[in-house]
**Student:** 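My questions all concern the structure below.
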2 protein chains.
Amino acid sequence: MSVRGLCLAILSGGDATGYEIRKESTEGRFSYFDDASFGSIYPALARLEAEGMVTAREEPQAGKPSRKVYSITQAGRDEFIRSLCEPQAPDTFKSPFLLIALNAAKLPPDVLRRALERRKAQVHEELRLLSGIDNENGCTHAGSDWTRDYGIACMNFTLRYLEDHGEALIKIAEDAAAPSQAAAE
Amino acid sequence: MSVRGLCLAILSGGDATGYEIRKESTEGRFSYFDDASFGSIYPALARLEAEGMVTAREEPQAGKPSRKVYSITQAGRDEFIRSLCEPQAPDTFKSPFLLIALNAAKLPPDVLRRALERRKAQVHEELRLLSGIDNENGCTHAGSDWTRDYGIACMNFTLRYLEDHGEALIKIAEDAAAPSQAAAE
DNA sequence: GGTGGCATGTAAGCAGTTACATGATTTT
DNA sequence: AAAATCATGTAACTGCTTACATGCCACC
């Protein structure tokens, strides 16, 4: 999904500024779909405005710099829905953690321990984020609930697996680091 | 993970050609870590050779174009292990499927059905791939086993969840498509 | 008085993809 | 006869990140 599509997806859920879109895409619930930085979001929004997919209104704020709040138009909504009906790219899971796990026998046990703790913390954080979704605003809808529950279920499973089998992974590194001991036993 | 790192990771598991590296990275077990196309792999390998991280030997083949088989050097191995010890980027999951699920109420039920079937098929395929790993060659090692088992466990959970809750997702779209009927009942 | 959050935007650079170029063999 | 697989490589293009530019406020 391109930054353009990401903006449309987020704006179809409500008005937002470029700043907010970036936050949603890197930290918020839309991090499931794509990350994006300022350098790509602002130009994308400007282009979407020129194409009539979104409208912008400037909101001056006391003390803070003025915000440019974008709203999706009907044309934008149509394009977004249409894009969802077309065949999508397959889901992808990219895991630096699993690369470390794959090479467990070649790495110091401490590296494994750190990687495991880091991954667990990451899953915890994602779980915390997902649990907080309905609290933010009252307008929970069915699709959002389903997606959240799916995410929570997967993350809980992952977390339990890491807790149950993490020690085995560390043991691989320990055994490899002390082969003479293991052979002597 | 860059293409450079990907090549090192794959070659640390055994010799390979650029063609094979691309296959492993897009279809094989290394698709967990990064995708890459020819246009990025061949230049990366050439650079790695110039840096002394890999060596290449040409193998003429009867009938087929000659293969350029790359082997990792000790310097390459060291660099790879060192890179794994440094803090890694967090794991990411990008899901066009979940974007469709999130917007279930705005989409035709058929789109939901297709997306669900497609996702299930994808998980099935990944499961098939993971199950076949130990068959390919005898040298299964502990890290590879752990990683494979982790992948299989997660995929099985995902598949069961989709089978158990998929109907609920389709119902969201159906209810939204026929609101008068739902209200009348 | 410094760090960090809010807020928008541009320009340079890079990593990667796509498309092209080539060519034999095997499969349909 | 066409399409797919094996196999390498280059060139153009694109989309995104990083760094820069600017500025005010709140908190520590």
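To find a chain, count down the sequence lines: A is the first, B the second, and so on, and within it residues start at 1. These values consider heavy atoms only, across backbone and side chains, with no hydrogens, waters or symmetry-generated copies.
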**Student:** Using 30° and 60° as the class boundaries, would you call the ring planes of A:F38 and A:Y19 parallel, tilted or perpendicular?
**Tutor:** parallel

**Student:** Ignoring backbone atoms, test whether A:S37 places a side-chain nitrogen or oxygen under 4.0 Å from the OP1 or OP2 oxygen of D:dT17.
**Tutor:** yes

**Student:** Examine C:dC6: is either OP1 or OP2 under 4.0 Å from a nitrogen or oxygen in the side chain of A:Y19? Give yes or no.
**Tutor:** yes

**Student:** Can you identify which nucleotide, out of C:dT17, C:dT8, D:dC16, has its nearest atom closest to the B:S40 side chain?
**Tutor:** C:dT17

**Student:** Check this one for me: any side-chain N or O of A:K68 less than 4.0 Å away from OP1 or OP2 of C:dG9?
**Tutor:** yes

**Student:** Output, in order, the C-alpha distance, side-chain angles, deciding distance and verdict of ring-ring contact (aromatic ring centres under 6.0 Å, His included) for B:Y161 and A:F157.
**Tutor:** CA-CA 11 Å; B:Y161 196 97; A:F157 180 84; over 10 Å; no

**Student:** Go nucleotide by nucleotide along DNA chain C from the 5' end; which of B:A36 and A:F38 gets its closest nucleotide reached first?
**Tutor:** A:F38

**Student:** Expressed as a whole number of angstroms, how long is the span from B:R57:CZ to D:dT8:C1'?
**Tutor:** 17 Å

**Student:** Measuring to OP1 and OP2 of C:dC6, would you say a side-chain N or O of A:Q61 lies under 4.0 angstrom away?
**Tutor:** no

**Student:** Report yes if at least one side-chain N or O of B:T17 is closer than 4.0 Å to OP1 or OP2 of D:dT8; otherwise report no.
**Tutor:** yes

**Student:** C:dC6, D:dC16, D:dT5: which one has an atom nearest the side-chain heavy atoms of A:P65?
**Tutor:** C:dC6

**Student:** Using a cut-off of less than 4.0 Å, is there contact between a side-chain N or O of B:Y42 and OP1 or OP2 of D:dT8?
**Tutor:** yes

**Student:** State, to 0.1 Å, how close A:A36 and A:V3 come at their nearest heavy-atom pair, and which atoms those are.
**Tutor:** CB-CG2, 3.9 Å

**Student:** Count I, L, V, M, F, W, Y as connected when their side-chain heavy atoms are under 4.5 Å apart, and connections chain through other members. Are A:L127 and A:Y32 then in the same cluster?
**Tutor:** yes

